[in-house]
Amino acid sequence: MALADHPRIPLTFGPSPLHPLDRLTAHLGGARIWAKREDCNSGLAFGGNKVRKLEYLAADAVATGCDTLVSIGGVQSNHTRSVAAVAAYLGLKCALVQESWVDWPDSVYDKVGNVQLSRLLGATSRFVKAGFGIGIKESYQQVLTEVDLAGGKPYPIPAGASDHPLGGLGFARWAAELLEQERAAGVRFDTVVVATGTGSTQAGMVAGFAALGERRRVIGVDITAKPVETLAAVRRIAHRTATLLDTEITDDVILDERYHAGTYGIPDEETLSAMRLAARTEALITDPVYEGKSMAALIDLVGTGEIARTDTVLFAHLGGQPALNGYSAVV
Ligand code: PLP
């Protein structure tokens, strides 16, 4: 089935902004760097990559008569905040499981940022002690059962909206949108650099480019510090999404595991210095969990020449700034 035939509820402003990063490019003295900005893609609670993915899941939830979106993530999950936002926007209820993915000393870590926004959006949050992982958790099953027993109709959305049949479609659409923007701007990106966590952002891009017959290098930057599982997830979701689009993935998935700083959710000096450089050259704000790490990768790959000086590179900015408030100890 063609991408355009998959039901979708528009939740973004339209195509996300695409623009050159001239001062960062000049500073690095290498490849030409641009950004495509999912961090300002929607008016729904600061937007981000999840809002784009949820356009397809929300259509399914509404079509199947569900009244409660149920999802799971870390305390500072951007994803759960986006699910809460989409539920509010569509007049649905929202029940979240918030796990203690990151052991972080900032005393307000579990009170501000994403979790605060979800509260404001009217979602209920259940706090659970559990580490990072994208598998199906008992706490999540329990909330689904409780919604059911209370007479509601839950719509289950796994972590990051990734391990869901429709999870890759949002970023397959991103690939098609990018091609149109490239034509209008007279530019072509050889390489895309993207932070990879639960996997469906990168997987969707890979499937989307395959469906369009476009061969692009999509470098996923592992931020989970569990690259074996992450790579398997990206491959699985890319193939599943390709099948939905009647196409096949021929190139292998690229996942760079050098920039996760050892632990999900904790930055190292390289992450922090990349965040400072992006902020001080471009006023481009990144977070220590996701785009700080993919920005560190981009800077290093240009510096070492792994991204050639002649390349035109796209930094996919996926959002994540609301979590910054929980990191005042280092930023
Ligand atoms: N960047 C931000 C800001 C995110 O919230 C996420 C979500 O996990 C990612 C990158 C990674 O995206 P994905 O989980 O689809 O791999």
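Every number for a ligand or one of its atoms is a count from 1 in the order of the listing. Remember, it's a predicted structure, so these values are computed and weren't measured experimentally. Start at 1 with the first residue, then count along the sequence.
- Counting all heavy atoms, side chain and backbone alike, Leu255 lies closest to Leu231 at CD2-N, 3.7 Å.
- If you look at Asp39 next to ligand 1, there are no close heavy atoms at all, none under 4.0 Å.
- The closest approach between Gly160 and ligand 1 stays at or above 4.0 Å for every heavy atom of the residue.
- Using a 4.0 Å cut-off between charged nitrogen and carboxylate oxygen, Glu38 and Lys53 do not count as a salt-bridge pair.
- Protein heavy atom nearest atom 12 (O) of ligand 1, with residue, atom name and distance: Asn49 ND2, 3.2 Å.
- Between the side chains of Thr271 and Asp268, at least one donor N or O lies within less than 3.5 Å of an accepting N or O.
- Ion pairing between Glu282 and Arg23 fails under the 4.0 Å rule for side-chain N and carboxylate O.
- Taking distance alone, with nitrogen or oxygen atoms compared against 3.5 Å, Gly197 approaches ligand 1 more closely than that limit.
- Counting protein heavy atoms only, atom 6 (C) of ligand 1 is closest to Lys50 NZ, 3.2 Å.
- Residues Arg32 and Thr25 have side chains that never bring a donor and an acceptor to within less than 3.5 angstrom of each other.
- At least one N/O-N/O distance between Asn78 and ligand 1 falls below 3.5 Å.
- Nearest non-hydrogen protein atom to atom 9 (C) of ligand 1 is Tyr290 CD2, 3.4 Å.
- The protein heavy-atom contact nearest to atom 14 (O) of ligand 1 is Thr198 OG1, 2.5 Å.
- Although no hydrogens or angles enter the test, the distance criterion places a donor-acceptor pair under 3.5 Å between the side chain of Asp287 and the main chain of Glu291.
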Original post:
Step by step, would you call Lys111 with Asp106 a salt bridge (charged side-chain N to carboxylate O under 4.0 Å, His left out)?
Top reply: CA-CA 10 Å; Lys111 297 179 186 66; Asp106 221 301; over 6 Å; no

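- The shortest N/O to N/O separation between Gly319 and ligand 1 does not fall below 3.5 Å.
- Taking a cut-off of under 4.0 Å to the non-hydrogen atoms of Thr201, the atoms of ligand 1 that pass are 12 (O), 13 (P), 15 (O).
- Taking a cut-off of under 4.0 Å to the non-hydrogen atoms of Gly320, the atoms of ligand 1 that pass are 3 (C).
- Using a 4.0 Å cutoff on heavy atoms, Glu291 counts as a contact of ligand 1.
- Close contacts of ligand 1 with Thr196, meaning ligand atoms under 4.0 Å from a residue heavy atom, involve 16 (O).
- Note: Glu270 CD to Lys293 NZ = 10.5 Å, rounded to the nearest 0.5 Å.
- With Tyr259 as the partner, the side chain to side chain contact (heavy atoms under 4.5 Å, CB included) test is satisfied by one option alone out of Ile299, Asp222, Val221: Val221.
- Between the side chains of Asn78 and Arg81, at least one donor-acceptor pair of N or O atoms lies under 3.5 Å.
- Contact between Lys53 and ligand 1 is present, with at least one heavy atom of the residue lying under 4.0 Å from the ligand.
- Assignment of Ser200 to the shell around ligand 1 is supported, since a heavy atom sits closer than 4.0 Å.
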